[in-house]
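These notes are about the structure you will find just below.
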Amino acid sequence: MTYFYKTDSLRRALIAGIAALTLAACGGGDTGSSSSSSAASGDNSQYLVENDHVTGSPDAPVTVVEYASVSCGGCAAWHQTVYPEFKKKYVDTGKARYVFREYVTGVPEYADAGFMIALCAADENYFKNIAFQFENYQKIMQMGQQGKARDAYIGIAKSAGLSEDEFIECMQNQELRDQYRAKMQTGVDLGVNRTPTFF
C-alpha cells in the first residue's frame with residue numbers, strides 16, 4: 001500500500017486502521033484498458049480526474065484518494081472498520097475530501113460486476129452501493145464459492161434500484177466500463193499495484 005499525507009493527524013487516523021490490513025491487502029489488478037483519463041474541469045482540484053466520485057467539501061484542505069476494489073478483503077475490512085470513523089471525523093467536518101477510484105483486484109469478474117452496478121445505478125447512490133458491497137463482502141464471496149455469484153450480483157443490482165434486465169444491460173455498457181478503467185489507469189500510472197492504496 002502507498003500513502004501520501006498533508007497533515008500528521010490525518011495520517012495517524014488513516015494508518016491506525018490500515019496498518020493491520022497490510023497483510024490482507026489484495027494483489028495487483030488486471031489493468032484492463034490502457035486509455036488514460038483527462039483532468040476534470042470546473043470546481044475540481046488538481047487531485048481529481050474525470051468521472052471521479054467524491055464526497056466532502058470542495059473547500060477541504062486535504063484530499064484523500066483511495067484506489068480500492070469491491071472484491072478485495074483488505075478494502076472491505078478498511079471500509080467496515082476505519083472508514084466510518086474517518087468519514088465522521090474528517091469528511092463530515094470539512095477537514096478532508098474523499099475520492100474513491102475503482103481498481104480491479106481480488107476476483108476480477110466480481111470487481112467488474114460490482115463497479116458496473118455502482119456506476120449504472122443513480123449517481124447519488126454511488127457511495128451507498130459501494131458501502132453495501134463492502135458490508136456484504138463475506139456473503140458475496142461465500143455465494144461465489146457456492147456457484148451463486150450471479151445471484152449475488154443480481155441482488156446487489158436490485159438493492160441499487162436496478163431490475164434484472166437493467167443489470168444485464170448494465171453489464172454490457174462498455175462506455176461505463178471504459179470510464180472506470182480509465183480511472184484505474186491513473187492508478188497504474190502512479191504505481192498502484194495493490195489495494196487499498198491511498199494518496
Side-chain angles (χ1 to χ4, degrees), residues 1-26 29 36-106 111 114-115 118-119 121-137 179-180 182-199:
M1 289 180 278
T2 307
Y3 315 99
F4 296 95
Y5 306 99
K6 286 181 75 175
T7 65
D8 284 342
S9 61
L10 182 57
R11 180 183 60 80
R12 284 192 303 274
L14 287 168
I15 288 177
I18 294 169
L21 299 176
T22 301
L23 294 176
C26 296
S36 60
S37 55
S38 60
S41 60
D43 295 332
N44 293 339
S45 77
Q46 62 182 322
Y47 303 110
L48 301 183
V49 298
E50 190 174 8
N51 300 311
D52 262 344
H53 285 88
V54 183
T55 187
S57 171
D59 299 323
V62 175
T63 297
V64 176
V65 178
E66 178 186 15
Y67 286 90
S69 175
V70 289
S71 69
C72 160
C75 303
W78 189 83
H79 277 268
Q80 291 169 8
T81 60
V82 179
Y83 180 74
E85 186 64 23
F86 165 74
K87 183 177 183 297
K88 178 181 175 184
K89 190 171 181 181
Y90 294 99
V91 178
D92 294 345
T93 61
K95 294 176 183 175
R97 179 171 48 171
Y98 170 77
V99 181
F100 181 91
R101 289 199 188 133
E102 302 91 352
Y103 199 97
V104 174
T105 60
F115 291 148
L119 292 168
D123 195 51
E124 64 269 16
N125 292 328
Y126 178 85
F127 282 104
K128 289 179 186 175
N129 189 270
I130 294 294
F132 179 83
Q133 292 184 58
F134 282 135
E135 289 163 12
N136 290 282
Y137 170 80
Q179 284 181 15
Y180 92 68
K183 286 188 283 180
M184 184 173 159
Q185 185 63 42
T186 66
V188 172
D189 294 344
L190 289 167
V192 174
N193 59 13
R194 300 202 173 276
T195 56
T197 294
F198 297 87
F199 292 93

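The structure presented is a predicted model; accordingly, all values stated were derived computationally and were not measured.
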From CG (Asp52) to CD (Glu102), nearest 0.5 Å: 8.5 Å
Tell me the closest heavy-atom pair linking Lys95 and Pro61, and the distance in Å. O-CD, 3.4 Å
Nearest-0.5 Å distance that lies between atom CZ in Phe127 and atom NE2 in His53: 7.0 Å
Distance, nearest 0.5 Å, that separates CG of Leu190 from CZ of Phe199: 4.5 Å
Gap between atom CD of Glu66 and atom CZ of Phe198 - 0.5 Å precision: 4.0 Å
May I ask you to check whether Tyr83 and Phe134 place their ring centres under 6.0 Å from each other? no
Side-chain donor/acceptor of Lys183 to backbone N/O of Val49, under 3.5 Å: no
For Ala68 and Cys75, work out which heavy atoms get closest and say how close. CB-SG, 3.8 Å
To the nearest 0.5 Å, atom CD of Glu50 lies from atom CG of Leu48 at 12.0 Å
Heavy-atom closest contact (Ala118 atom, Ile130 atom, distance): CB-CD1, 3.8 Å
Calculate, to the nearest 0.5 Å, the distance between atoms CZ and CE belonging to Arg101 and Met184 respectively. 13.5 Å
Looking only at side-chain N and O atoms, does Ser69 offer a donor or acceptor that is under 3.5 Å from a partner on Thr195? no
Evaluate the criterion side chain to side chain contact (heavy atoms under 4.5 Å, CB included) for residue pair Val64 and Tyr90; output intermediate values, then yes/no. CA-CA 10 Å; Val64 176; Tyr90 294 99; over 6 Å; no
Once you measure the plane-to-plane angle for Tyr103 and Tyr67, does it fall in the parallel (<30°), tilted (30-60°) or perpendicular (>60°) bin? perpendicular
Side-chain (Asn129) to main-chain (Asn125) donor-acceptor, under 3.5 angstrom: no
Restricting to non-hydrogen atoms, name the atom on Thr105 and the atom on Cys72 that form the minimum distance, rounded to 0.1 Å. OG1-CB, 3.7 Å
When every non-hydrogen atom of Lys88 is compared with those of Thr93, the smallest separation belongs to O-CG2, 3.6 Å
Of all the heavy-atom pairs spanning Tyr98 and Val91, show the shortest one and how long it is. CB-CG2, 3.9 Å
